[in-house]
Number of protein chains: 2
Amino acid sequence: MKQGHIFLTVDAVVFGYEAPDNLLILLIKRGVDPYKDFWALPGGFVKEEESLEEGVERELQEETGVQVDYLEQLYSFGAPDRDPRARIVSVSYFGLIKPKGLELKPSTDAAEAQWFRVNKLPELAFDHKLIIDKAISRLRAKITYEPIGFELLNEKFSFSELENLYTTLLGRPIDRRNFRKKILSFGLLEQLDEQRKEGPGRPASLFKFQMSKYKSYQKNGLYFEL
Amino acid sequence: MKQGHIFLTVDAVVFGYEAPDNLLILLIKRGVDPYKDFWALPGGFVKEEESLEEGVERELQEETGVQVDYLEQLYSFGAPDRDPRARIVSVSYFGLIKPKGLELKPSTDAAEAQWFRVNKLPELAFDHKLIIDKAISRLRAKITYEPIGFELLNEKFSFSELENLYTTLLGRPIDRRNFRKKILSFGLLEQLDEQRKEGPGRPASLFKFQMSKYKSYQKNGLYFEL
DNA sequence: TCAAAAGTGTTAGAGGTACACCCATGG
DNA sequence: CCATGGGTGTACCTCTAACACTTTTGA
C-alpha cells in the first residue's frame, strides 16, 4: 500500500444562537505551534477504530465539553499547503447546539474554549476561516429548506424567538404574519399549554418542534421550504 | 504527530448521458484483491503534492482516459470497516461529462473501464454502491437549482434533448411548453442559427448555454430553479 | 394608562400548472 | 400525403408578498 504521508483530521464548526441576534461559533485557543495562541476550530486526529463522526464528537467533548444536538459533514479540505507541518486533510463537520448546552467546560487539549460572534471573529489558524465561511453558507442555505433552525433553540420556544433566529441567519427582515402562517402550515409544531412571561409585554405561547412527525412526513415526500 | 495509519483515497462518480433516457456511470474492473474482478469507482491514492481535485482527475485519466467537464466534491466516507485492508477514508467526487467525451481509453491500472446504466449496475466493490446512491441523490437534487444539466449535453443541443435529460433525471414527465418557457425565462440560452435534422420530423433549433452570463448573473444573486 | 411585545386577515399580483393544435421535414 | 418530432398561447388557480391594528401583560 503505497502512499505519501497524508494525515487525516476532523474539525467542527459548531454554531450557537444567542437571542436576539447573535450567531455564535465555538473556537479553541491553540496551546502549541504551529499557530500557537491563535484561535482555531475544535478538532483533531481520528482514532483508527472510531468513525469520523465519533472522532468529531470525542474531540469536541475533550476540547470544549460540549455535545452537539445536530451534526452533519460539511466538506473536506485538502490543499497541499493548508498545514505547514505536513499534508493534512481535514474532514470538516457542521454542528448545532441548543442554548442550554452553551456552557463550556474545557478539559484536555485546549487552553481555552470560547464562543465568538460570527461577525466578530478573531484571526484564525490554518484555513479555518475558509471552513467557517463554507459552514455559514451551508447554514444560511439549509435553514430555508430543512427545519434545522430548531436545533439552535431550546425545546420550548416562542414564535418571536424563531422569527428572530431566522432574521439573524438570513440577514433580512421577515414579515411576522406571513412567517407564522407558513411555519404553521407545515403542521410540525405542537402548541404547548404554556406561556413565557419575561420582561414586559404580552406573554408568548410556547411551541415544540415535532421531530418524529417531520421524519415520517419526510419519507412520504413532504418538503419544508422557507 | 500521533496518528494511527489512516490512508486517504479519492473516488469519482462520473455521470454520462445517452439519449433519450440512459443515465450512465463510469466504472472500472478491479485487477487486484480485495474485490478482484469486481466493478468499482475509478479512484486511488492521492499524491502528497497534488490537491484532491488533481488527484481525482489524474486517476480518472489514468484509469479510464476520460476528462470530466464538471467536478465537485461529493462526500467523504470513513467508516472504519469500509476497506478490509486498512482504515481508508475516501473523499468522493461527483463528475459530469458531455456525450462527446464518452469514449474510453483505459491505460494503466484498470483492466477495463466501462459505462453502465444507472439502473443496471453490477455488484460493486467496497461501499461504492453507497457512494453512487449519494451521488445520484445529489445529481437529482442539483439539476433543479443549478444549471448543471448542460454539462451532460454537448455544447449545441436541442430543447427536446434537454427535456429528455430532465425527464430521465427527475423520473417524471415534464410539460414541454412550461419547461421551455421556464428555461428561456432565465435568459441563459443563446439560440443558434442552426438546426439539427436527423431522423424524421421537423428539424430542431439548436441552443447553447451561456456559462459566462450565468456566472455574472450568479454574483448579482440570480437563481436558477427548476 | 402607558409601554412593550404577541397575535391576527385580507387583498392584489405573480407565478405555476394544465392543456391541444399547427408546423416543418423526409420518405 | 403521411408519419414523426418540433414549436407555440391561454386560463385558472395557488401561493406569495404587502400591509396595520388589537390584545395581553407588567410597571
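Here is how names work: the chains are called A, B, and so on, in the same order as the sequence lines, proteins then strands, and each is numbered from 1.
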Does a side-chain N or O of Ser160(B) approach OP1 or OP2 of dG5(D) to a distance below 4.0 Å, or not?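 Result: no.
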
Let me know the distance between [atom1] of [X] and [atom2] of [N], rounded to the nearest Å.
| X | N | atom1 | atom2 | result |
| --- | --- | --- | --- | --- |
| Arg202(A) | dA5(C) | CZ | P | 14 Å |
| Glu161(B) | dG5(D) | CD | C1' | 13 Å |
| Asp175(A) | dG9(C) | CG | C1' | 12 Å |
| Gln191(B) | dG6(D) | CD | C1' | 12 Å |
| Arg176(B) | dC23(C) | CZ | P | 15 Å |

Reckon Ser205(B) touches a base, only the sugar-phosphate, or nothing at all at heavy-atom distances under 4.0 Å?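 Sugar-phosphate only.
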
Which nucleotide in dC19(C), dT24(D), dT10(D) has an atom nearest any side-chain atom of Arg177(B):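 That would be dC19(C).
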
Between Phe15(A) and Leu152(A), is the side chain to side chain contact (heavy atoms under 4.5 Å, CB included) condition met? List the steps. CA-CA 8 Å; Phe15(A) 291 101; Leu152(A) 287 168; 4.2 Å; yes

Check if the side chain of Lys181(B) and the base of dT10(D) share a donor-acceptor pair of N or O atoms closer than 3.5 Å.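 Indeed there is one.
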
Between Tyr166(A) and Phe179(A), is the ring centre distance below 6.0 Å? yes

Once the angle between the rings of Phe157(B) and Phe150(B) is folded into 0 to 90°, is it parallel (under 30°), tilted (30 to 60°) or perpendicular (over 60°)? tilted

